[in-house]
Structure formats: structure tokens, C-alpha cells
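What follows is a short report on a single structure.
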Amino acid sequence: MLKKIQEAKQYIEEAAHPQARTAIVLGSGLNGFVHHIQEDCRIPYAAIPHFPVSTVAGHAGNLVFGKLNGQEIMVMQGRFHFYEGYSMQQVTFPIRVMKALGVETVILSNASGGMNPDYRVGDLMLLRDHINFFPEHPLRGKNEDSLGPRFPNMGEVYDPVLLDKAEAAAKAHGLRCHRGVYIGVQGPTLETPAEYQMYRLLGADCVGMSTVPEAIVCRHSGMKCLGLSVITNVFNPLHAATDTHEDILEAGARMEEQLIAVVKDVISR
Ligand code: HPA
């Protein structure tokens, strides 16, 4: 693992000379974010040693380097999901590489389904916490102490200062914004009505198929983390859910502009 991280790091350093201290991972339907940065360099995942390659429609696969508000930023355009068949080590490998490249803060974005009855399609939820409901754990196996501790504390996965800044930014842009709990599940099926209700009972406000493994590895490696979730569909106990993946991508795409505005604002704050 250490050798793979170093080889990926070396390749990226030679190709892009990255200076970014902030990285952002783009979720479903949010790939257009990259059009808003002043792009310096773009590396397809396929070119980077040991990087997995994204397989889902709607998820491009590029590491993009550029400036946003004059600040250096690294963008993961497309992420790796457990349901695609990758191991949790593969899903979180780019986060390890970010750390090796000197990144200090990671913004994880995603699309999710809301169970909290106050939530509406198009709302933004800032992750104040998560529930790891994946059947595999990114830190399972022998711990590499140079990467982080065996038993990392998960008391404050999402940085409270970043949360305040994101909330202020969302309010400034007139967005409906909540702080809530994201439950990460393997998918790839969307939930049955009974499953949405179960996740609600467990204490989650929304459900999605990503973010939790990456957030765990951010904490393990000592990077600050902000989680932004675009509510692309909501569970209504009175209507069977008929949302399709296309509906979710479209709702994500409709939120792209607002999300970009919030991220820009968070970065300048
Ligand atoms: N469930 C799981 N993942 C999702 C959903 C959902 O309802 N919406 C967007 N990603």
C-alpha cells in the first residue's frame, strides 16, 4: 500500500506539480464543478499508477488541478464506489494519495435520498455525523502506523469550523440547508420503503452509497473533512418511491450551480 501511494504521488507530482491544500470529491451529477475552476492540469485516472477506474455513467474519471477564487484546488471528478466491486482500500486509495500530496482539507460531496420529513428535493445537508452501514471497513487489516492510528477517534469526523462556514455560505446563497446524519450503505439498489424507514429509525436523515469510507480515511490520516449532501430524492411513506438513477443525476445537476457557489464561498471563508 505504501509503495502504491508513493508511486501514484510521484506520477501526479511530475505531471501536475500540485500545490493544493484543499481537495474536493464530486458526487453524482456534480461533475460540472470543474468548469468553474481555472484549470491548470487534468489527469485521467487511467494514467495514474494503481488508481482504480470509474465505471458508472455520470461519473467521469479525472483528477483536475486548478484555481478557485485564486486558491489552488484538487478535484476528484468521479469517485469509486464499493458497489462497483472495488475493495474499500481501492475506494479510499485516492484519499491516501491526497494526504501524501500535502492536502489538509477534503470536501466530500454526494447525492443522497432524504428520509427526514423536513427535507425536500434540492435541499443541501451538511454532514454533522455519519453511520457506517457498509459491510466492509476501509481500515480492516493490519494497521500501517505511518498512515494513522489503529483505533482512530470518530467523535468529530466533520470539522465544526468548516460546518459553520458551510452553513453561513449556504444561508448567504439562500439555500435550504440542514445539518444531519448520513448513513452510508453499499447499494446499488435504492432502498425499499421498509429500508428507508429502518434507516430513519436508526437516526439517519439521508442515505447514500459513498462518502463514509472516504471520511473515515480522512480522519485516520489526520485531514479535516467537510461533507455536503445534495438531497436528490425524498422518501415519502405515503407514495412508493419511483425515483430512478436518471432522476437522481438530474436533481444533482440542477443543484450544481448552488453547490459550486457554496463551495466557492466556503473556500474564500
Ligand atoms: N438511496 C441511496 N443512495 C442515493 C439515494 C437514495 O435514495 N439518492 C441518491 N443517492
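Each ligand, and each atom within it, is numbered from 1 in the order the structure gives.
Residue pairs meeting the ring-ring contact (aromatic ring centres under 6.0 Å, His included) criterion with at least one member in residues 160-181, sequence neighbours excluded: Tyr119-His178.
Checked against the 6.0 Å centroid criterion, the rings of Phe65 and His17 do not qualify as a close aromatic pair. Aromatic ring centroids of Phe93 and Phe80 lie 6.0 Å or more apart.
Applying the side-chain contact (heavy atoms from CB on, under 4.5 Å) test to Gln10 and every residue at least two apart in sequence or in another chain returns Glu14. Applying the side-chain contact (heavy atoms from CB on, under 4.5 Å) rule to Glu257 yields the partners His36; only residues at least two apart in sequence or on another chain are considered.
Pocket lining of ligand 1, defined as residues with a non-hydrogen atom under 4.0 Å away: Ala111, Ser112, Gly113, Leu190, Glu191, Tyr196, Val207, Gly208, Met209, Thr232, Asn233, Ile248.
Ring geometry for Phe235 against Tyr196 counts as parallel: the plane angle stays under 30°, on a 0 to 90° scale with 60° as the upper cut.
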